[in-house]
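Take a look at the structure below.
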Amino acid sequence: NQWRGYERVTTTIGDTEGQPQSRNLSIYLRGMNGDTGKTGTVTVTGVHAKEITDEDPLAGFLREQITYDGTQEVSGSWFEPWSHQSASFDYGSADYVAGAHYLRTGAEHHWTAITPQKTPTTTTLRWRTTSTTYDETYGMPTTIEDTGDEKVSGDETCETTWYARNPQRGLTSLVSRTQKLATTCAK
């Protein structure tokens, strides 16, 4: 048995005496899918984040975080995990094979609530997404694509990183070159 923490954590900030309070809601993955005593697939659904299977290597990963001003959503982010198994060991038992995994953030979806002055009862969300690809040998970022404001075209960027590696000497994370272009990584 292993305590896996809480899936949802709310932090309240501010005085309760007549002042609005801000709240932060954090949603975590706990690696509960396949846990003893659980039946079916264990998933986690956020407020804005899509449903995801709560796999063991994802335990502790922050899935979503939202900031509220009183009861109004102000801003938030949800995160997509990137995981790659880097090693495993079979203890000779059919019940357990230990695995080591890289766990990184594969995509970050950030949003801010925009309330126009002319129509203060209407709120829209402004979205921005950053996606990162990693090499599977060292789990290091190779490209980072930023969409900019998703309702605007022309503000996208793509950053590519190359490394000067010499694993025999323990040099695996030295950056040899970075290139940032004002375009998507697909172009």
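Start at 1 with the first residue, then count along the sequence.
Nearest heavy atoms, Arg104 versus Gly139: NE-O, 2.9 Å. Considering all non-hydrogen atoms of both residues, Pro141 and Thr132 come closest at CB-CG2, 3.8 Å. Leu29 and Pro81 make their closest contact through CD1-CG, 4.5 Å (heavy atoms, listed as atom of the first residue, atom of the second, distance). Of all heavy-atom pairs between Val42 and Asn33, the closest is N-OD1, 2.9 Å. Nearest heavy atom pair, residue Phe79 against residue Leu62, reads CD1-O, 3.4 Å. The heavy-atom pair separating Phe61 from Thr105 by the smallest distance is CE1-OG1, 3.7 Å.
Of the N and O atoms on the side chains of Asp135 and Thr142, not one donor lies less than 3.5 Å from an acceptor on the other residue. There is a side-chain donor-acceptor pair under 3.5 Å between Thr133 and Thr143. Under the 3.5 Å distance criterion, with hydrogens and angles disregarded, a donor-acceptor pair is assigned to the side chains of Thr129 and Glu150.
We find the CG-OG1 distance between Leu181 and Thr160 to be 6.5 Å, quoted to the nearest 0.5 Å. Expressed to the nearest 0.5 Å, how far CG of Leu174 lies from CZ of Arg169 amounts to 13.0 Å. One finds the CG atom of Asp155 at 7.0 Å from the OG1 atom of Thr147 (value rounded to the nearest 0.5 Å). Note that the OG atom of Ser86 and the NE2 atom of His101 stand 7.5 Å from one another [nearest 0.5 Å]. Distance check: Ile66 CD1 to Arg23 CZ gives 9.5 Å after rounding to the nearest 0.5 Å. For the atom pair Ser77 OG and Glu108 CD, the distance stands at 7.0 Å (nearest 0.5 Å).
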Assess the residue pair Val9 and Tyr28 against the criterion (side chain to side chain contact (heavy atoms under 4.5 Å, CB included)); give the C-alpha distance rounded to whole Å, side-chain angles, the decisive distance to 0.1 Å, and a yes or no.
CA-CA 8 Å; Val9 177; Tyr28 294 92; 4.1 Å; yes
Audit row: Glu7, Ile27, side chain to side chain contact (heavy atoms under 4.5 Å, CB included) steps and yes/no
CA-CA 6 Å; Glu7 181 179 311; Ile27 301 172; 4.3 Å; yes
Starting from the C-alpha separation in whole Å, work towards a yes-or-no answer on side chain to side chain contact (heavy atoms under 4.5 Å, CB included) for Ile13 and Asn24.
CA-CA 8 Å; Ile13 302 164; Asn24 290 327; 3.9 Å; yes
Determine whether Tyr163 and Thr172 satisfy the following criterion, side chain to side chain contact (heavy atoms under 4.5 Å, CB included), listing intermediate values before the conclusion.
CA-CA 7 Å; Tyr163 298 91; Thr172 58; over 6 Å; no
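A cation-pi arrangement is present between Arg177 and Trp162 under the rule of less than 6.0 angstrom and at most 45 degrees off the ring axis.
The shortest side-chain heavy-atom distance between Met140 and Ser173 falls under the 4.5 Å cut-off. Using a 4.5 Å cut-off on side-chain heavy atoms (C-beta onward), Asp54 and Thr43 make no contact. Looking at Leu25 and Tyr68, their side chains come closer than 4.5 Å, going by heavy atoms from C-beta outward.
The aromatic rings of His84 and Trp82 sit parallel to each other, their planes meeting at less than 30°, with 60° as the upper class boundary.
A donor-acceptor contact shorter than 3.5 Å links the side chain of Glu156 to the backbone of Gly154. A distance-only check finds no donor-acceptor pair linking the side chain of Thr123 to the backbone of Thr115 [under 3.5 Å]. In this structure a side-chain-to-backbone donor-acceptor pair under 3.5 Å is missing from Arg63 to Trp78. Using modelled atom types, no side-chain atom of Asp69 and backbone atom of Gln72 make a donor-acceptor pair closer than 3.5 Å. Distance alone, capped at 3.5 Å, is enough to place a donor-acceptor pair between the Gln21 side chain and the Gly14 backbone. Checked by atom type and distance alone, the side chain of Tyr102 never pairs as donor or acceptor with a backbone atom of Tyr134 at under 3.5 Å. Checked by atom type and distance alone, the side chain of Glu145 never pairs as donor or acceptor with a backbone atom of Cys158 at under 3.5 Å.
Of the residues Glu73, His109, Glu64, the one that meets the side chain to side chain donor-acceptor pair (under 3.5 Å) test with His48 is Glu73.
Within a 6.0 Å sphere centred on CZ of Arg126, heavy atoms belonging to other residues, nucleotides or ligands number 12 at most. Atom OH of Tyr138 is surrounded by more than 12 heavy atoms from other residues, nucleotides or ligands within 6.0 Å.
A single hydrophobic cluster is not seen to contain both Leu103 and Ile144; linkage of ILVMFWY side chains at heavy-atom distances under 4.5 Å, directly or through other members, places them apart. A continuous path of hydrophobic side-chain contacts links Val47 to Leu125 [ILVMFWY only; heavy atoms under 4.5 Å].
A salt bridge links Asp56 to Arg4: one of the charged nitrogens lies within less than 4.0 Å of a carboxylate oxygen. Asp146 and Arg128 are joined by a salt bridge, as a carboxylate oxygen and a charged side-chain nitrogen come within less than 4.0 angstrom of each other.
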